S.K.: 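Could you have a look at this structure, given as structure tokens, before my questions?
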Amino acid sequence: MSESDSDATTDGPSATASADGTDAAGDTEATDDTRSDETDGEDRYAFWADEVADAVEARDPEEPIVIKGGISPSGVPHLGNVNEIMRGYFVAEVLRERGWEVRQVFTTDDRDPLRKLPRKLADLDGKIVDLGDVNAGALGKNLGHAYTDIPDPFGCCDSYGEHFSTLIAESADLLDAPIDVVSTTDLYESGRMDDVVEHVLEHREQAREVLAEYQDKVDEEYVPFNPFCSECGKVTETVTAVDVDAREVEYRCTDIEAGNRTIEGCGHEGTATFREGKLPWRFEWPAQWQVLGVDFEPFGKDHAEGSWPSGVDIAENVLDIEPPEPMVYEWFTLDGQPFSSSEGNIVLVHDVLEMLEPEVVRFFFAKDPNRARDFSIERLDQLVDEFDRVERLYYGEESGTGKEQRRADRVYPFLLSLADVPSEALAASDVFAVGDTEEAATLAADFDHNDPEDRRRRREFLDGEFAERVRLPYTFAAVLGMFDDAEARAATARKEGHVTDGDPEWAVDDAFGRVALAGEWADRTDNEYNYTVSRSELPDVSVDEATAAALDDLADFVAEGADGEAIQGEIYETAKRHGLEIGEFFGVGYRLFFGEDEGPQLGHFLGDLDREFVVERLRRER
């Protein structure tokens with residue numbers, strides 16, 4: 001099951017990883033994508049998903065192989081929740097590469113009752129809002145009701161449960177991870193859960209015996225079924241009689257505990273069918289394995305010590321089925337802190353894709369799931385640099401160690417989706433035989449991950465036309481985003497050698513898309529790139545004779561080819577030589593380039609700009 005918010009109740013250890021045990025997003029040596037890369041120098045396990053795929057194949061599965069994930073619709077479906085989708089996605093892609101048909105399902109536990117109010121929600125565009133910004137009464141009046149029985153506080157979907165499911169489906173779609181979102185409510189109401197509920201209740205004594213090993217307060221009256229009261233609509237845990245043949249239970253609507261509060265029952269006594277309630281979580285999880293035919297399921301470490309062992313026990317000794325192949329993944333933190341909807345420490349896929357290309361986000365999830373790591377918004381540049389290096393290794397544009405090369409060769413082909421590629425590139429390739437960009441866009445949208453021919457053509461395109469792609473270094477793109485002149489951006493990129501006359505037009509246009517992404521990153525983090533360089537016209541900056549001479553000397557130094565660190569030091573030395581106050585000299589520099597009295601580390605920043613412009617601006621020529 002998916003990664004939980006830090007304030008959620010879990011069965012296992014805390015999500016917080018120690019500082020020395022967590023890899024940051026851009027730590028190149030620590031980001032080991034393999035669990036067994038040292039085995040005789042083989043490249044078989046240069047990617048962790050290959051080892052998992054071996055274990056799935058060893059089960060001798062039937063097609064389609066079913067890979068499952070799941071989530072409870074509480075709060076906001078943030079990037080941490082996507083962990084489970086993407087871990088399953090990479091295993092699915094490896095199995096498809098081996099010729100298997102795979103179905104990846106993702107259950108939303110929308111049959112669960114709402115036990116507490118979330119502090120944050122998200123609309124269908126991925127915008128996070130406070131509870132006070134929506135119809136909070138829709139939630140507050142429905143504590144104890146199933147998520148699918150609660151009105152959508154945004155008023156756009158049939159229920160709160162559907163709203164949440166739509167958001168998680170959109171998150172997967174944005175990363176081109178084809179999942180079938182399965183509503184747990186639909187499983188019950190359609191009757192697909194009837195047989196397994198009947199089996200559990202028919203064998204409720206054995207169910208009690210197994211559950212007692214993992215959960216307190218399991219007495220002789222315990223019945224593993226929670227009806228919904230026909231009078232007040234709330235879930236109740238008090239079943240007074242069971243009629244297996246009629247597939248009904250009798251109940252009394254009593255109070256349920258929800259954390260530190262009690263949700264009061266109405267006292268009504270009634271009868272509910274198997275479709276008018278649900279199994280408790282520890283039974284529902286293995287029941288889903290049976291109903292959906294699950295072969296593999298990744299889940300966060302919070303379930304490794306509690307829910308998973310009990311699920312296996314129930315599967316084998318109550319349901320008499322084989323549990324799926326498991327994979328425990330480590331959680332990751334966000335800017336050093338656990339994901340938490342209540343504390344506002346969350347980021348959605350929608351947000352991240354305003355700062356990163358989808359292939360970079362996939363790359364983050366392609367890393368070893370056994371390592372705790374941090375997704376640092378502040379340090380996204382390091383993550384992008386790491387991805388760019390893997391890409392260059394794959395295309396033979398850079399050399400690395402044998403281990404790095406094996407990893408790049410194995411992992412990179414799984415990172416690119418045709419949906420990420422400009423339609424012009426697809427149209428320019430001989431692989432697809434499309435007549436125009438409109439046909440190319442349709443082709444990308446219709447890509448079938450289970451179709452061997454589609455996959456073959458994607459790989460051929462990757463190794464052919466896409467090898468001509470152009471990538472601007474992320475921080476360089478952030479620098480270009482500071483320019484107020486688009487032509488100057490293009491000229492600077494060419495002068496610095498990042499764009500050449502031989503590059504395809506589609507590749508150049510696509511490369512400059514990173515400027516907007518890096519600019520958004522600079523704006524959100526308010527870092528040293530969050531300024532505007534006045535290139536189109538010379539700012540009106542008056543300087544005295546001594547300052548003018550100092551600026552001319554600094555221009556001469558820059559013209560000799562000094563890097564940013566050297567320029568930073570020379571600014572100090574130049575001010576001293578000309579008897580200028582250092583802070584005032586820096587201030588002149590900021591006004592010349594930014595039209596402001598302060599800015600980033602000036603020397604390092606000037607080292608990132610094209611030298612000709614810097615020299616001319618220091619000489620007040622343009």
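Throughout, residue positions are numbered sequentially from 1 according to the sequence presented. Computed from a predicted model, the values in this text were never measured in an experiment.
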S.K.: How about Asp110 and Ser165: do any of their side-chain heavy atoms sit closer than 4.5 Å?
M.R.: yes
S.K.: Minimum heavy-atom separation for Trp289 and Pro323, please, with both atom names.
M.R.: CZ3-CB, 3.9 Å
S.K.: Between Phe299 and Trp285, does the ring centre distance come in under 6.0 Å?
M.R.: yes
S.K.: Taking atom types as modelled, find out whether Tyr188 and Glu276 have a side-chain donor-acceptor pair closer than 3.5 angstrom.
M.R.: no
S.K.: Would Phe47 and Phe414 count as a close aromatic pair, with their ring centres under 6.0 Å?
M.R.: yes
S.K.: Does the pair Arg208/Asp219 count as a salt bridge with the N-to-O cut at 4.0 Å?
M.R.: no
S.K.: Quiz question: by atom type and distance under 3.5 Å, do the side chains of Arg252 and Thr240 form a donor-acceptor pair?
M.R.: no
S.K.: Are Ile314 and Arg282 close enough that some pair of their side-chain heavy atoms sits under 4.5 Å apart?
M.R.: yes
S.K.: So, Arg111 and Glu284, do they make that salt bridge, N to O below 4.0 Å?
M.R.: no
S.K.: Would you mind checking if Arg59 and Glu322 are paired as a salt bridge, meaning a charged N to carboxylate O distance below 4.0 Å?
M.R.: yes
S.K.: Looking at Glu84 and Lys301, is there a salt bridge between them, counting it only when a charged N and a carboxylate O are closer than 4.0 Å?
M.R.: no
S.K.: Please walk me through it: do Asp149 and Lys234 pass salt bridge (charged side-chain N to carboxylate O under 4.0 Å, His left out)?
M.R.: CA-CA 10 Å; Asp149 290 337; Lys234 296 176 185 176; over 6 Å; no
S.K.: Can you tell me how far apart NE2 (His449) and CG (Asp454) are? Round to the nearest 0.5 Å.
M.R.: 9.0 Å
S.K.: Considering all heavy atoms of both residues, which atom of Ser230 and which atom of His268 are nearest to each other, and what is their separation?
M.R.: OG-NE2, 3.4 Å
S.K.: Give, for atom CZ of Phe164 and atom CG of Asp109, the distance between the pair rounded to the nearest 0.5 Å.
M.R.: 10.0 Å
S.K.: Are the charged groups of Arg362 and Asp420 less than 4.0 angstrom apart, N to O?
M.R.: yes
S.K.: Taking the basic N atoms (NZ, or NE/NH1/NH2) and the acidic carboxylate oxygens, is any pair closer than 4.0 Å for Asp194 and Arg275?
M.R.: yes
S.K.: Could Lys278 and Asp112 be called an ion pair, given the rule that one side-chain N must be under 4.0 Å from one carboxylate O?
M.R.: yes
S.K.: Name the orientation class of the two ring planes belonging to Phe364 and Phe375 (parallel below 30°, tilted from 30 to 60°, perpendicular beyond 60°).
M.R.: perpendicular
S.K.: Taking the basic N atoms (NZ, or NE/NH1/NH2) and the acidic carboxylate oxygens, is any pair closer than 4.0 Å for Asp255 and Arg261?
M.R.: no
S.K.: Using the ring of each side chain (for Trp, its six-membered ring), is Phe387 parallel, tilted or perpendicular to Phe363, with breaks at 30° and 60°?
M.R.: perpendicular
S.K.: Restricting to non-hydrogen atoms, name the atom on Ile168 and the atom on Thr108 that form the minimum distance, rounded to 0.1 Å.
M.R.: CG2-CG2, 4.2 Å
S.K.: Using side chain to side chain contact (heavy atoms under 4.5 Å, CB included) as the criterion, point out the one residue from Thr333, Leu79, Asn81, Asn345 that pairs with Phe339.
M.R.: Leu79
S.K.: Assess whether a salt bridge exists between Glu198 and Arg247, defined as any Lys/Arg side-chain N lying under 4.0 Å from an Asp/Glu carboxylate O.
M.R.: yes
S.K.: Can you give me the closest heavy-atom contact between Pro224 and Ala207, atom names plus distance?
M.R.: CG-CB, 4.2 Å
S.K.: Taking all non-hydrogen atoms of both residues, which atom of Asn142 and which atom of Pro151 are closest, and how far apart?
M.R.: ND2-CD, 3.7 Å
S.K.: Identify whether the distance between the nearest side-chain nitrogen and carboxylate oxygen of Glu97 and Arg455 falls below 4.0 Å.
M.R.: no
